[in-house]
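Let me begin by presenting the structure, written as structure tokens, before commenting on it.
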Amino acid sequence: MSTQGADASGIVAAITDASEDSIVVVGLDGTILTWGSGAARLYGYTADEVNNRSASLLLPEGHRGELTAILQQIRSGERLKDPQFVARTKGGQILELSLWASPVLIPAGEVVGAALVTRDVTQVAQDRRLRRTMERRWRSIIESAVDGIVVIDAHGNIEAFNPAAEGLFGYTEQEVLGRNVSMLMPAPYRDEHDRYLQRYLREGNARIIGIGRDVQGVRRDGTVFPLHLSVGEMSVEGQRKFTGILHDLSARVQLEEQLRASEARWRTIIESAVDAIIVIDGQGRVEAFNPGAERLFGYTDQEAVGQNVSTLMPSPYREEHDGYLERYLREGNARI
């Protein structure tokens, strides 16, 4: 070997030993020619154990044909990068690596081998898979939620919009992603939202974050409807996000209106009745006292409500009433 060739070999060896990455130089037949200290740390073999052996020993069963494919590309002078290269250590551990492969040339320009640079990304790959698994799991939970869930960034732009939210507002997720969440609010809340959010981020003055409250939303068709909104704050990779959980109150509000209408209807009937009507609770306290009762007993509604109904009875019934009521509630023994 010429002095120049020896010097070149020494330079290659120095580079492979100094690098924190694994650097392996192989011939075009796959024979290992140079084995750096980074390779020894990564794979667990010493240079004496691998020199002049096929680099296929570094690949698990079922992957050894990949070395042949890499060398075929190298022969044509190509460089290649594989972010998901699989290898095996001396102890049998499977590694996930990123691989860079470059041709090794002699001064005449002929390709005589390949430099294989690998970096262990096993933990990174595992973390990435775990993150994907967690993302799928949380997305499944969010997408199956009965209540609407909307996630926004610190600027109020929508980043997630689950199927229940689609049903609530009439928009698809794709239609709202990246748009300001104020689009889902009627005036004047729409115009106030961004100022409130920025004031909260600047001063920490929370009016709704961390607290549930009843608000109004506006559907795609312009319909305004009642909602219960709970807002939570989170940090994702250093970025502040806000999650709103929205429960449609339309059915509850409608029921309350029906109950109020029903109560008003029956109150009108009771108050217009000629006969006295008195309603008491389980302790005998007066809860309702209609005009007929006012005329009959001479008390006003305000005077009678809250008093024991026995006030309206003469002795001995007045003293006996509470005991009779308690006995009836306890034993079901009805006298009247």
Side-chain angles (χ1 to χ4, degrees), residues 145-150 164-170 184-193 207-208 210-231 244-336:
V146 175
D147 287 334
I149 298 177
V150 181
E166 292 180 330
L168 274 178
F169 293 98
L184 306 176
M185 306 171 187
Y189 311 109
R190 174 183 297 151
D191 310 312
E192 298 171 353
H193 179 265
R207 292 174 53 194
I208 188 169
I211 306 168
R213 64 183 286 186
D214 292 351
V215 297
Q216 289 183 321
V218 59
R219 294 190 174 96
R220 182 175 186 169
D221 63 6
T223 306
V224 176
F225 66 106
L227 290 167
H228 183 79
L229 170 64
S230 300
V231 180
I245 299 177
L246 303 156
H247 182 72
D248 188 357
L249 299 180
S250 299
R252 192 190 80 179
V253 170
Q254 184 179 14
L255 177 60
E256 289 173 350
E257 290 174 350
Q258 290 173 345
L259 289 173
R260 281 194 295 269
S262 177
E263 181 183 0
R265 186 181 306 117
W266 286 108
R267 179 167 290 278
T268 299
I269 293 171
I270 289 171
E271 290 184 352
S272 63
V274 175
D275 290 335
I277 299 177
I278 301 171
V279 179
I280 65 171
D281 64 15
Q283 283 73 47
R285 291 187 295 263
V286 176
E287 291 191 342
F289 200 76
N290 80 331
E294 290 180 332
R295 290 191 298 272
L296 189 62
F297 291 97
Y299 293 99
T300 65
D301 176 67
Q302 288 79 9
E303 290 174 319
V305 170
Q307 299 297 319
N308 194 292
V309 73
S310 62
T311 303
L312 308 176
M313 305 173 187
S315 296
Y317 310 110
R318 175 183 296 158
E319 292 77 23
E320 296 173 351
H321 179 266
D322 286 353
Y324 161 66
L325 182 60
E326 290 173 4
R327 187 166 56 254
Y328 170 70
L329 293 173
R330 185 176 63 250
E331 302 172 3
N333 181 21
R335 293 173 56 194
I336 188 174

Please report the shortest heavy-atom distance between Met313 and His321, naming the atom on each side.
-> CE-CD2, 3.2 Å

If you take all heavy atoms of Val218 and Phe225, which pair is closest and at what distance?
-> N-CE2, 4.0 Å

From Asp147 atom CG to Leu229 atom CG, the distance as rounded to the nearest 0.5 Å | 11.0 Å

Pair Leu325-Val309, side-chain contact (heavy atoms from CB on, under 4.5 Å): steps then yes or no | CA-CA 11 Å; Leu325 182 60; Val309 73; over 6 Å; no

With a 4.5 Å heavy-atom cut-off, do Phe169 and Leu227 have their side chains touching?
-> yes

If a pair satisfies side chain to side chain donor-acceptor pair (under 3.5 Å) and one of its residues is in residues 309-318, list it, with sequence neighbours excluded.
-> Asn308-Ser310, Ser315-Glu319

At what distance, to the nearest 0.5 angstrom, does CD of Glu326 lie from CD of Glu331?
-> 11.0 Å

With a cut-off of 6.0 Å (strictly less than), are more than 12 heavy atoms of other residues, nucleotides or ligands near OH of Tyr189?
-> no

Using atom types as modelled, flag every donor-acceptor pair under 3.5 Å from a side chain in residues 278-294 to any protein atom, sequence neighbours excluded.
from: Asp281; atom 1: OD1; to: Gln283; atom 2: N; distance (Å): 2.9
from: Asp281; atom 1: OD1; to: Gly284; atom 2: N; distance (Å): 3.0
from: Asp281; atom 1: OD1; to: Arg285; atom 2: N; distance (Å): 2.9
from: Asp281; atom 1: OD2; to: Arg285; atom 2: NE; distance (Å): 3.2
from: Asp281; atom 1: OD2; to: Arg285; atom 2: NH2; distance (Å): 3.2
from: Gln283; atom 1: OE1; to: Arg285; atom 2: NH2; distance (Å): 3.3
from: Asn290; atom 1: OD1; to: Ile277; atom 2: N; distance (Å): 2.8
from: Asn290; atom 1: OD1; to: Gly292; atom 2: N; distance (Å): 3.4
from: Asn290; atom 1: OD1; to: Ala293; atom 2: N; distance (Å): 2.9
from: Asn290; atom 1: ND2; to: Ile270; atom 2: O; distance (Å): 2.9
from: Asn290; atom 1: ND2; to: Asp275; atom 2: O; distance (Å): 3.1
from: Glu294; atom 1: OE2; to: Asp301; atom 2: N; distance (Å): 2.6

Can you check whether Leu246 reaches Leu184 side chain to side chain, under 4.5 Å on heavy atoms?
-> no

Determine the minimum heavy-atom distance between Ala164 and Val146, stating which atoms define it.
-> CB-O, 3.2 Å

Crowded around Phe297 CZ? As in, over 12 foreign heavy atoms under 6.0 Å?
-> yes

